[in-house]
Amino acid sequence: MYKSPRGTADILPGEQGYFRFIEERAALLCQLYGYERIDTPVFEDARLFIRTIGPGTDIVEKETYTFDDRSGQAMTLRPEGTAPICRAYIEHGMHNLPQPMRLYYFASIFRYERPQKGRYRQHQQFGVEAIGDGDPALDAEVIDVACQFFDSLGIGNLSLQLNSIGCKLCRPAYLEELKGHYSAHVDRLCSDCKARLRKNPLRLMDCKKPYCQDIAQSAPRSIEHLCPQCKEHFESVVNYLLILGIPFEKNHRLVRGLDYYTKTVFEIQPQGEEGAQSAVGGGGRYDDLIEELGGKPTPAIGFAVGIERIVLNMKQQGVIPPAPSAQMVFVAYLGDEAKAEAVKLTAELRRGGIAVVSNLGDRSLKAQLRQANTLGVAYALIIGEEEVDSRTVMLRDMAKGEQRKVSMDEVVGLLERS
RNA sequence: GUGGGCGUGGCCUAGUGGUUAAGGCGCCAGGUUGUGGCCCUGGAGAUCGAGGGUUCAAAUCCCUCCGCUCACCCCA
C-alpha cells in the first residue's frame with residue numbers, strides 16, 4: 001500500500017473548508033491593505049536559498065529538498081517564501097513601480113524535518129512582503145496585517161512578541177558582547193549551546209535548558225546595543241503599534257532562524273504555550289537581502305504564517321469555518337426512459353447554474369432518496385414513468401418532506417428562483 | 001539527527017499465546033407494488049503496519065524495518 005510521503009498530508013474534502021476560509025480572509029485583507037498576490041515557482045536555483053537563509057542555518061544545512069535536474073543544475077524546493085519574492089522583485093525591475101511594493105503569497109513550503117504536531121515536510125504558508133521602504137510605520141503596517149488576519153479568522157488568545165536584532169552596523173559588536181558573556185560559562189552550557197556559540201550566537205537566547213536559560217536571562221540584550229538609527233527605528237515601531245492599539249510584548253530573547261533579518265523581528269504565538277512549535281507566524285525586516293541578491297540597496301519587511309498551525313488553533317478554539325451555502329439538488333429516476341430524461345434534466349439544471357448530482361445505475365427510489373438525504377440536498381427531483389408520460393417531474397422539498405408535480409419545462413426556472 | 005509512546009476493517013475501539021479476530025460509527029441493501037431522515041434485519045469490508053524469529057500454537061512474546069505521535073534541534 002502506498003502512503004503519502006512522510007510529513008505530508010492529504011487535505012481531504014472535509015478539511016477544505018478551513019483552508020478555503022483562511023485563504024479567502026487573507027485575500028480580502030490584503031486587498032484592503034493594498035497588497036497584491038504573487039506566485040513564484042515551487043523550486044529555485046539552490047544557491048538562492050543558501051545565500052539568503054544562511055549556509056550555517058539548519059534550514060539549508062539539513063532541511064532542504066535539493067536535487068540536480070536533468071541538466072545538472074542544483075534545484076531546491078522552496079523552503080521559505082521571502083527569498084524567491086526578492087529574486088522576482090529584482091528580476092522584474094519592480095523598483096521601477098511605486099514603492100513600497102506590497103505583495104502577498106500562498107505557497108507550499110518544503111523542509112526535510114522530523115514531522116510532529118504542527119510541523120510537516122510540506123506545509124502551506126501565507127505571507128506578506130513590503131519591499132522598498134524603511135519607514136518604521138511600514139513595520140507597524142505589516143504587523144497590523146498579521147494581527148488583523150488572525151482577528152478576522154476569529155482566533156484569539158495570541159500574543160505578539162517583538163524585538164530588534166539590529167543591523168549590520170551594530171550587530172557585530174553586540175554579538176561580540178554576547179559571546180563574551182557566554183564564554184565565561186562555556187563549560188556548563190549544553191552541547192547545543194556550545195555549537196550555537198560558534199555558529200549562530202543569536203540563537204543562544206532561546207535555549208530551553210534551565211541552566212542556559214539563566215545565562216540567557218542575564219545576557220546582554222540586543223535592544224540595549226542598537227546603533228542610534230536602529231534604536232530610533234525600534235522606538236518608532238513601538239510607538240506606531242501603540243497608536244494602532246496593537247498589544248505586544250517586548251521579548252529580548254526573540255531571535256529568528258534565518259540570517260537575513262535586521263532590526264525588527266516579531267512572532268505571533270498562542271498565549272501560554274512557550275516552547276514547542278507553537279508559533280503561528282513570524283517575520284521581520286530584511287533590509288540587506290535585496291542588495292545581497294544583486295539588487296540596489298532596498299529595505300523591506302514581511303511575515304509568514306503557517307496555515308496548518310492556524311487550522312490547528314482554529315480547531316482548538318472551536319472556530320468553525322462558515323459552510324458554503326451552495327444549495328444542491330438530487331435527481332432520482334426509475335426506469336430507462338426516465339433515466340434519459342434525468343440525464344437531460346441534470347445537464348439543463350447545471351447549464352442554468354444549479355448545483356446538481358444525479359443518481360447513477362439502477363437503484364430503488366428508497367436508496368436514491370437515502371443518498372439524497374446523506375448528501376444534504378435541499379431538493380430531490382424524481383422522474384418515473386408517470387412523469388415521463390406527462391412531461392412533469394416530482395419536486396420534493398427534503399427539509400419539509402413535501403412534494404408536488406411541476407412541469408418539466410418550468411422546473412429549471414423554478415429552482416433558479418428558490 | 002536524538003529520545004519516549006503507539007500501530008487491529010474507511011473511522012473509533014475490545015481482545016495481551018489456543019477453535020471461523022468481537023463491537024460501535026460509517027457504507028450498502030431489505031422491512032412487498034415509485035419516496036429519505038428514527039427503528040428493526042441482513043450484507044460487504046481486516047493477509048491484526050511490514051519482514052523475520054521463538055512456540056505444537058502469536059494480533060498477543062523477541063528482533064529489524066516502516067509509519068504515526070510527543071519532546072529536543074529548528075521553524076510557520
Side-chain angles (χ1 to χ4, degrees), chain A residues 1-9 12 14 22 53-54 56-64 79-82 106-127 146 150 190-193 195-196 199-200 203 206-209 212 254-258 266-270 275-283 302-313 330 332-335 338 359 361 363-388 394-403:
Chain A
M1 274 292 268
Y2 287 108
K3 293 179 177 175
S4 75
R6 186 165 199 205
T8 67
L12 301 174
I22 292 168
I53 299 171
T57 58
D58 274 24
I59 293 184
V60 314
E61 225 170 49
K62 56 180 198 187
E63 295 178 1
T64 52
E80 65 105 28
T82 301
F106 274 90
S108 288
I109 302 293
F110 303 86
R111 289 182 201 165
Y112 189 86
E113 301 183 275
R114 187 100 177 243
Q116 65 188 77
K117 189 176 189 179
R119 180 210 272 170
Y120 310 99
R121 290 186 172 183
Q122 176 179 357
H123 74 276
Q124 297 280 120
Q125 282 186 12
F126 157 57
F150 288 108
C190 71
S191 53
D192 285 328
C193 280
R196 284 190 269 242
K199 280 169 53 185
N200 197 347
R203 293 227 62 87
D206 63 358
C207 184
K208 294 183 183 72
K209 302 273 187 331
C212 302
L254 174 66
V255 295
R256 312 248 328 135
L258 292 74
F266 63 96
E267 217 164 81
I268 292 152
Q269 27 186 268
Q277 38 296 316
S278 56
V280 291
F303 76 83
V305 301
I307 306 298
E308 285 80 357
R309 288 188 185 177
I310 292 172
V311 172
L312 229 50
N313 266 273
F330 187 88
Y333 57 81
L334 288 160
N359 180 54
R363 305 198 296 165
S364 70
L365 185 56
K366 182 192 186 105
Q368 297 185 50
L369 284 177
R370 189 159 46 220
Q371 184 173 25
N373 187 57
T374 27
L375 288 173
V377 304
Y379 296 99
L381 296 173
I382 303 161
I383 308 173
E385 283 176 39
E386 261 178 69
E387 286 78 11
V388 172
M394 192 65 84
L395 172 63
R396 182 175 180 82
D397 183 319
M398 295 300 282
K400 289 188 188 146
E402 293 166 2
Q403 61 186 24

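Numbered from 1 within each chain, the chains take letters A, B, ... in sequence-line order.
Side-chain proximity of K117(A) to the nucleotides C70(B), C68(B), C74(B) is greatest for C70(B). Proximity note for R196(A) (side chain, C-beta onward) versus C74(B), C70(B), U35(B): the nearest is C74(B). The listed nucleotides are A76(B), U35(B), A71(B); the one nearest the side chain of Q116(A) is A71(B).
Contact annotation for G401(A): base contact, defined as any heavy-atom pair under 4.0 Å involving a base atom. Q403(A) comes within 4.0 angstrom of a nucleotide base, judged by non-hydrogen atoms across all strands. Heavy atoms of F126(A) sit nowhere under 4.0 angstrom from any nucleic acid atom. Looking at heavy-atom distances under 4.0 Å, E63(A) makes contact with sugar-phosphate atoms alone, never a base. Nucleic acid contact for E113(A): base, since at least one base atom lies under 4.0 Å from a heavy atom of the residue. Residue contacts shown for A367(A) are limited to sugar-phosphate atoms, with no base heavy atom under 4.0 Å away. Among the heavy atoms of the strands lying under 4.0 Å from E387(A) is at least one base atom, whether or not backbone atoms are also near. Across all strands, G361(A) comes closer than 4.0 Å to no nucleic acid atom at all (heavy-atom distances). Using a 4.0 Å heavy-atom distance criterion, R396(A) is classed as a base contact. Contact annotation for L258(A): backbone-only contact, meaning every heavy-atom pair under 4.0 Å involves sugar-phosphate atoms and none involves a base.
Contact check, R256(A) against A76(B): a side-chain N or O comes under 4.0 Å of OP1 or OP2. A sub-4.0 Å separation between OP1 or OP2 of C27(B) and a side-chain N or O of R370(A) is absent. Between T374(A) and G36(B) there is no side-chain N or O to OP1 or OP2 distance below 4.0 Å. Under 4.0 angstrom from either OP1 or OP2 of A29(B) there lies at least one side-chain N or O belonging to R363(A). OP1 or OP2 of C66(B) has not a single side-chain nitrogen or oxygen of R6(A) nearer than 4.0 Å.
Rounding to whole angstrom units, CZ of residue F330(A) and P of U35(B) are separated by 15 Å. Summarising the geometry, the separation between CD on Q125(A) and P on C74(B) is reported as 18 Å, rounded to the nearest angstrom. Between F150(A) atom CZ and A76(B) atom P the separation is 12 Å, expressed in whole Å. Between I109(A) atom CD1 and C74(B) atom C1' there is a gap of 15 Å when expressed in whole angstrom units. Between the CZ atom of R309(A) and the C1' atom of A76(B) there is a distance of 5 Å, given to the nearest Å. Rounded to a whole Å, the CD atom of Q269(A) is 12 Å from the C1' atom of A76(B). Atom CZ of F303(A) is separated from atom P of A76(B) by 12 Å (rounded to the nearest Å). If you take CG of L365(A) and C1' of A29(B), they are 15 Å apart, rounded to a whole angstrom.
C40(B) and C6(B) are spaced 37 Å apart, taking the P atom of each and rounding to whole Å. Straight-line distance between the C1' atoms of C65(B) and G24(B): roughly 33 Å, to the nearest whole Å. Comparing the C1' positions of U47(B) and G5(B) gives a spacing of 27 Å, expressed to the nearest Å. One P atom belongs to U64(B), the other to G45(B), and the distance between them is 36 Å to the nearest Å. If you take atom C1' in U16(B) and the same atom in A57(B), they sit 15 Å apart, rounded to whole Å. Using P as the reference atom, G30(B) and U69(B) are 40 Å apart when rounded to the nearest Å. Separating the P atom of G51(B) from that of U8(B) is a span of 16 Å, rounded to the nearest Å. For the C1' atoms, the distance linking A29(B) with G67(B) amounts to 36 Å, nearest Å.
Within the cation-pi definition used here (under 6.0 Å to the ring centroid, within 45° of the axis), R396(A) does not qualify as a partner of Y379(A).
Checking K209(A) against L369(A), the closest nucleotide of RNA chain B that is more toward the 5' end is the one next to L369(A). Residue whose closest nucleotide on RNA chain B sits further toward the 5' end, between M394(A) and Q371(A): Q371(A).
Using a cutoff of 4.0 Å between basic side-chain nitrogens and carboxylate oxygens, E63(A) and R121(A) are not scored as salt-bridged.
Contact check for F330(A) versus Q368(A): side-chain heavy atoms found under the 4.5 Å cut-off.
The minimum heavy-atom distance between I109(A) and G81(A), with the atom names listed, is CD1-N, 4.0 Å. Counting all heavy atoms, side chain and backbone alike, C193(A) lies closest to C212(A) at SG-SG, 3.6 Å.
The number of heavy atoms from other shown groups lying within 6.0 Å of OH (Y112(A)) does not exceed 12.
In terms of modelled atom types and a separation under 3.5 Å, the side chain of E387(A) and the main chain of G384(A) share a donor-acceptor contact.
Note on ring orientation: taking the six-membered ring where Trp is involved, the planes of F303(A) and F126(A) are perpendicular (angle over 60°, cut-offs 30° and 60°).
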task = Step by step, work out the side-chain contact (heavy atoms from CB on, under 4.5 Å) result for Q403(A) and I382(A).
result = CA-CA 10 Å; Q403(A) 61 186 24; I382(A) 303 161; 4.0 Å; yes
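If you take CZ on R203(A) and CZ on R256(A), they are separated by 8.5 Å, rounding to the nearest 0.5 Å.
Helical stems involving RNA chain B, defined as 3 or more consecutive Watson-Crick or G-U pairs under 3.5 Å, span B:1-7 with B:66-72, B:10-13 with B:22-25, B:27-31 with B:39-43, B:49-53 with B:61-65.
At a cut-off of 3.5 angstrom, counting only N and O atoms as typed in the model, there is a donor on one side and an acceptor on the other between the side-chain of K366(A) and the base of G31(B).
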